[in-house]
Amino acid sequence: MATERWRSHSETLGLPVKSENDWLLKTVLENLNDGIIVTDLDNQILHVNSRIAKLVGFSPADMVGQSAQKFLSMIEGWLYFCNTPDQVTANRCEWKEGQLRRKDGRQFWAEVNSTLLYDSSGKTIGNLITVTDITERKWLEEYLRLLESVVVNANEIVMITQFEAEEDPLDLRIVYVNEAFLKVTGHRAAEVIGKTPLILMGPETDWDEVNRVRSAMMQFESVKAELLLHCKDRSSFWADSNTVPIRNEHGQVTHFVSVMREVTERKEAENQLRRNAFHDSLTGLPNRLMFMERLAQVVARRDADPAYLFAVLFLDLDRFKVINDSLGHIVGDQLLIEIARRLESCVKKTDLVARLGGDEFTILLDNIQGVESAHHVAERIHQELGRSFLLNGHEVFTTVSIGIALSTTAFDHTEDLLRGADIAMYRAKALGKACHEVFDTEMHGHVMALMQLENDLRRAIEREEFQVYYQPIVSLTTGRVTGFEALIRWQHPDRGLISPAQFIPLAEETGLIIPMGRWVLREACRQLGRWQTQYPHHQPLSVSVNLSSRQFSQAGVIEMINEILEESGLPPACLKLEITETAIMENTASAMDTLSKLKAMGVKLSVDDFGTGYSSLGYLYRFPMDVLKIDRSFISRVDIDGEKLELVRTIITLAWNLGMEVIAEGVETTKQLAQLKMLKCEYGQGYLFSKPMSPQDAEQFLAQENPLEHLAQLFPGDHR
């Protein structure tokens with residue numbers, strides 16, 4: 001019976017069986033863990049066992065009679081080797097490692113051994129080839145190599161975790177930590193092996209970031225993170241973490257290797273840089289950037305939840321400049337610091353107090369009940385700031401004007417909310433200061449109109465909807481036209497001519513005054529150059545152009561003016577730049593440098609609206625100015641107000657002593673003109689001579705033989 005079994009089995013394998021010993025040998029080969037291939041000297045397969053058939057995915061019948069090369073060709077540069085008669089040496093044995101390809105195309109690592117077979121006479125008759133699957137060993141070697149490569153770097157913290165329970169893919173336990181881990185965390189190995197990685201978490205843990213890491217691990221993905229981890233003593237450190245899954249030979253994830261590098265010092269430096277970027281250096285309060293970022297967040301929350309309410313408070317100190325100028329900047333800075341602390345004491349921890357700059361502060365009241373909550377905070381601020389401040393031996397008092405904008409205001413943008421609070425603050429100042437106002441529907445209409453005006457203004461610059469009008473400047477001695485002041489006008493396509501009083505302040509606020517002023521300067525220089533050629537009998541004509549505070553402080557203003565003069569061909573001496581006292585006094589050091597450079601170019605410099613700014617008579621002699629223009633508010637009453645008359649006399653005398661020319665603005669009556677002539681004022685400008693004219697009207701004015709004929713009795717002789 002047994003003989004029949006081995007004979008049947010032998011026949012299935014395709015080999016002759018002559019004895020029961022042969023059957024026993026084949027049974028042993030069939031049950032080996034290694035794959036067996038027997039070939040002849042031509043590499044034709046004579047016999048295979050079931051193991052090799054399973055490894056390569058073919059049946060034994062498919063393999064027998066085929067070339068061994070077909071099944072054992074190594075990939076990635078490996079070639080199957082065999083022993084051929086010309087290579088035969090006694091007891092020759094060869095082995096190699098490589099990746100073999102299964103019938104379905106998948107690959108596996110194998111160790112292949114080839115040994116010569118001899119018959120009883122010692123003649124070589126074939127090869128015995130054994131194939132061992134070493135995929136698991138290779139995976140383990142790679143795993144250990146990876147582990148060794150990360151562990152040897154003492155600066156990197158290494159933690160290896162494995163699954164505790166198959167049913168919970170995130171039930172991980174620590175199975176290995178390196179010395180760097182122990183050194184940084186203060187744990188002993190026995191205290192962490194077998195524990196969950198959550199022992200590194202603490203009260204300051206960012207669980208959103210931790211859950212992001214866990215989510216990636218659940219998908220068996222590599223994940224990088226920046227985590228605040230905690231030591232045994234509950235101190236914390238920042239770490240850059242890179243966690244990668246480790247898979248076995250079947251592609252299953254069995255472990256995770258986390259390699260971490262401590263970056264506490266770098267993180268603290270980044271936090272300090274962020275703090276510097278988002279906080280005011282003087283008071284330590286959040287700055288405008290951080291305030292607007294937080295405001296954007298609460299606006300988004302309001303849009304998602306209409307029941308959520310907040311309020312924006314805009315605060316401006318009353319009379320801060322007086323304190324700053326009289327007691328000095330050091331005391332002024334101390335006052336701002338003390339005010340910041342008092343403001344913080346007036347609000348909840350969830351609210352935000354910020355300093356926008358100068359003496360302007362903003363407050364974001366979070367999650368309020370209604371407008372009464374904002375009123376209550378404003379009253380508390382008035383009360384706190386109403387108490388005196390003791391600063392550097394000085395007792396200082398100040399008040400504050402507050403504007404309030406509620407989240408229920410129909411604004412979609414953060415800038416509009418802040419502007420609404422700002423407008424309400426200016427309403428509070430107009431009502432007498434030291435009070436607060438809530439932004440209302442009337443103000444809202446004003447803001448919406450202002451927004452529309454700003455949009456129109458931007459388009460007007462693009463479309464060049466502006467015109468330059470020219471008002472003559474007249475010698476009060478001879479009656480001759482000596483030049484013009486260039487005045488911008490806006491011809492709106494729908495609203496017609498818009499007064500500069502309506503759009504110039506907005507242009508200043510938005511910075512649009514810079515491209516607008518550049519256009520006016522270029523156009524005025526070009527036009528005057530043309531008139532000087534066209535009307536030589538009026539020479540030398542000059543043109544006065546206003547240089548706004550924003551333009552005056554702009555980088556590259558000298559280069560811009562020089563470029564325009566070169567383009568137009570106008571001599572620098574024919575250009576008079578009118579600059580207000582305020583623009584000069586805002587930064588005296590840089591102003592002196594800019595004025596000196598303009599003076600060196602040959603451009604004439606004029607102090608505009610003198611007497612309405614800082615009243616800085618003591619500073620006037622320091623600056624290289626050529627002309628002083630007396631503001632129209634003084635001229636309008638010079639013929640009926642004795643005090644005004646004496647004040648104008650003083651200004652004219654001062655200008656003479658400083659070697660400056662004087663121009664009186666706003667001359668409207670012959671009595672005013674007579675008084676100015678009596679005071680020996682040199683030049684005048686106003687409706688008495690002419691209203692501002694379009695370029696075409698100005699050309700007709702210049703073309704007249706006697707453009708001031710209606711004043712002939714006051715200017716005897718030739719006054720063309």
Minimum heavy-atom distance between His230 and Met201, given as atom pair plus value: ND1-C, 3.8 Å
Distance in Å, Met63 CE paired with Leu46 CG, rounded so as to fall on 0.5 Å steps: 12.0 Å
Contact summary for Pro515 and Gly511, nearest pair of heavy atoms: CD-O, 3.5 Å
Leu41 side, atom CG; Ile125 side, atom CD1 - distance, nearest 0.5 Å: 8.0 Å
Point-to-point distance, once rounded to the nearest 0.5 Å, from NE2 of His47 to CG of Leu128: 9.0 Å
Intermediate values then yes/no, side chain to side chain contact (heavy atoms under 4.5 Å, CB included), Asn127 and Leu116: CA-CA 5 Å; Asn127 292 280; Leu116 293 173; 3.6 Å; yes
Within-4.5 Å side-chain heavy-atom neighbours: Leu200 and Phe181: yes
Arg173 side, atom CZ; Thr161 side, atom OG1 - distance, nearest 0.5 Å: 10.5 Å
Working for side chain to side chain contact (heavy atoms under 4.5 Å, CB included), residues Thr185 and Val177: CA-CA 11 Å; Thr185 65; Val177 291; over 6 Å; no
Other residues, nucleotides, ligands: >12 heavy atoms within 6.0 Å of Lys54 NZ: no
Side-chain donor-acceptor pair present, Thr132, Asp34, cut-off under 3.5 Å: yes
Shortest non-hydrogen contact between Val299 and Phe310, atoms and distance: CG2-CZ, 3.9 Å
From CA spacing to verdict: side chain to side chain contact (heavy atoms under 4.5 Å, CB included), Leu418, Phe291: CA-CA 10 Å; Leu418 189 62; Phe291 183 84; 4.0 Å; yes
Atom of His187, atom of Ile199 and distance for their closest heavy-atom approach: NE2-CD1, 4.5 Å
Nearest non-hydrogen partners of Glu204 and Ser236, listed with the distance: OE1-OG, 3.5 Å
Verdict with supporting geometry, Leu55 and Leu100, side chain to side chain contact (heavy atoms under 4.5 Å, CB included): CA-CA 9 Å; Leu55 286 176; Leu100 302 184; over 6 Å; no
Interatomic distance, Lys267 atom NZ to Phe237 atom CZ [nearest 0.5 angstrom]: 14.0 Å
Asn211 atom CG, neighbour heavy-atom count above 12 within 6.0 Å: yes
Crowding at NZ, Lys183 (>12 non-hydrogen neighbours, <6.0 Å): no
Rounded distance (nearest 0.5 Å) linking atom CG of Leu336 with atom CG of Leu285: 10.0 Å
Donor + acceptor pair across side chains of Tyr308, Asp303 (<3.5 Å): no
